[in-house]
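Below, read A as the first sequence line, B as the second, and so on, with proteins coming before strands; counting in each chain starts at 1.
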Amino acid sequence: MTVRAGTRSLDDVLALGVVEAARALVGFTVVHEGVAGVIVETEAYHEREPACHAHVGATARTHILFGPPGTAYVYRSYGIHALLNVVVEPRGVGAAVLVRALDPVDGVEAMCTRRGCEDPEALCSGPGKLTQALGIGLERNGTDLRDGPIVLLPPEGAPPALVASARIGITRAADLPWRFSAAGSRYVSKPWPPGLDAPRPTRPRSV
DNA sequence: CATGGGATTGACT
DNA sequence: GTCAATCCCATGC
């Protein structure tokens, strides 16, 4: 069996360290109950740095992060949003990749219904938006991402080029360049990563 | 048991 | 640009 050059299976990616896994997961497709999108942005979190939930050790909330790689870690953010992470690194090491944005590809109509029929570019352009669009809630916490109901499929073609920048919305370890966005994608979250120009500026920049 | 803080989003000045 | 919504859970008394 030959595999296309440049493609990696989910198991290959899960064997990587968290930062490399965050890079490699851009281009994978997230499927949930007939709705799907291609990952265009991720962030890496590791127990060694204080922005990671696992930094406090294994607790009722964080023990999933210390479990086997390939598990979903879904938690409630600001009391409102569910955020989806892919647990990586071997058992005993707390680390995960936050899925921050998707390019919607299947079930766009269902996503629009859940999200209130927004512009397709705004449907999944944030970690709280994409879980709402895909119908992923806290009940998916701890589920196996190989078996579903959430499934991760490898890229069909070459993985996209990436832009690295600082992680969003954190106060600690905010300098680490562990946010990875598909270069040129219109579906990434805001603020736009440096080096990624906003599409079609409506007027020339004043000088 | 009470309290405070978010890996966010959308609405508003 | 500012700000509130809303709830799980880590922490401290």
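- Using a 4.0 Å heavy-atom criterion, one finds that A/I80 contacts the bases of the nucleic acid, with or without backbone contacts as well.
- Close to B/dG10, at under 4.0 Å from its OP1 or OP2, lies a side-chain N or O of A/R115.
- Here B/dT9 presents its C1' atom at 11 Å from CG of A/L83, a figure rounded to the nearest Å.
- When each of A/R100, A/K129, A/E43 is paired with A/S189, the side-chain hydrogen bond (donor to acceptor under 3.5 Å, both in side chains) condition holds for A/R100 and for no other.
- OP1 or OP2 of B/dA7 has not a single side-chain nitrogen or oxygen of A/S77 nearer than 4.0 Å.
- Contact check, A/R100 against B/dT8: a side-chain N or O comes under 4.0 Å of OP1 or OP2.
- Atom NE2 of A/H46 and atom NE2 of A/H55 lie 12.0 Å apart (nearest 0.5 Å).
- Candidate nucleotides B/dT8, B/dA7, C/dC8 were compared by shortest atom distance to the side chain of A/H81, and B/dT8 ranks first.
- Mapping A/A122 and A/H53 onto DNA chain B by nearest heavy atom places A/H53 at the nucleotide closer to the 5' end.
- Under the stacking criterion of a centre-to-centre distance below 5.5 angstrom and an interplanar angle below 30°, A/Y45 sits stacked against the six-membered ring of B/dA7.
- Using a 4.0 Å heavy-atom cutoff across all strands shown, A/A51 reaches at least one base atom of the nucleic acid.
- Between A/Y75 and A/H53, the ring centre distance stays below 6.0 Å.
- A/R179 comes within 4.0 angstrom of nothing in the nucleic acid, heavy atoms only.
- The pair A/R186-A/D103 does not meet the salt-bridge criterion, since no charged nitrogen lies less than 4.0 angstrom from a carboxylate oxygen.
- Of all nucleotides present, none satisfies the Watson-Crick or G-U wobble test against C/dT6 with each distance under 3.5 Å.
- Remark: C1' of C/dC9 and NE2 of A/H63 are 13 Å apart, rounded to the nearest angstrom.
- In this structure, the side chains of A/L134 and A/V30 come closer than 4.5 Å at one or more pairs of heavy atoms.
- The distance between atom CG of A/D119 and atom P of B/dG10, rounded to the nearest whole Å, is 12 Å.
- Residue A/I170 contributes atom CD1, which lies 18 Å from atom P of B/dG5 at whole-angstrom precision.
- Comparing B/dT9, C/dC9, B/dA7 by their closest approach to the side chain of A/R61 singles out C/dC9.
- For A/Y78, the listed nucleotide lying nearest its side chain is B/dG6; candidates were C/dC8, B/dA7, B/dG6.
- Rounded to a whole angstrom, the distance from the C1' atom of C/dG1 to that of B/dA7 is 23 Å.
- When the C1' atom of C/dC8 is taken as reference, atom OH of A/Y73 falls 10 Å away, rounded to whole Å.
- Across the protein-nucleic acid pair, A/Y75 atom OH and C/dA10 atom C1' stand 15 Å apart, rounded to whole Å.
- Closest to the A/R76 side chain, of the nucleotides B/dT9, B/dA7, C/dC8, is C/dC8.
- The separation between A/N85 atom CG and B/dT8 atom P is 11 Å, rounded to whole Å.
- Under the Watson-Crick and G-U wobble criteria, each requiring two contacts below 3.5 Å, nucleotide B/dA7 is left unpaired.
- At a threshold of 4.0 Å, the pair A/R114-A/E109 does not count as salt-bridged, since none of the basic side-chain nitrogens sits closer than that to a carboxylate oxygen.
- OP1 or OP2 of B/dG10 sits under 4.0 Å from a side-chain N or O of A/K129.
- Whole-Å rounding puts the A/Q132 CD to B/dT9 P distance at 10 Å.
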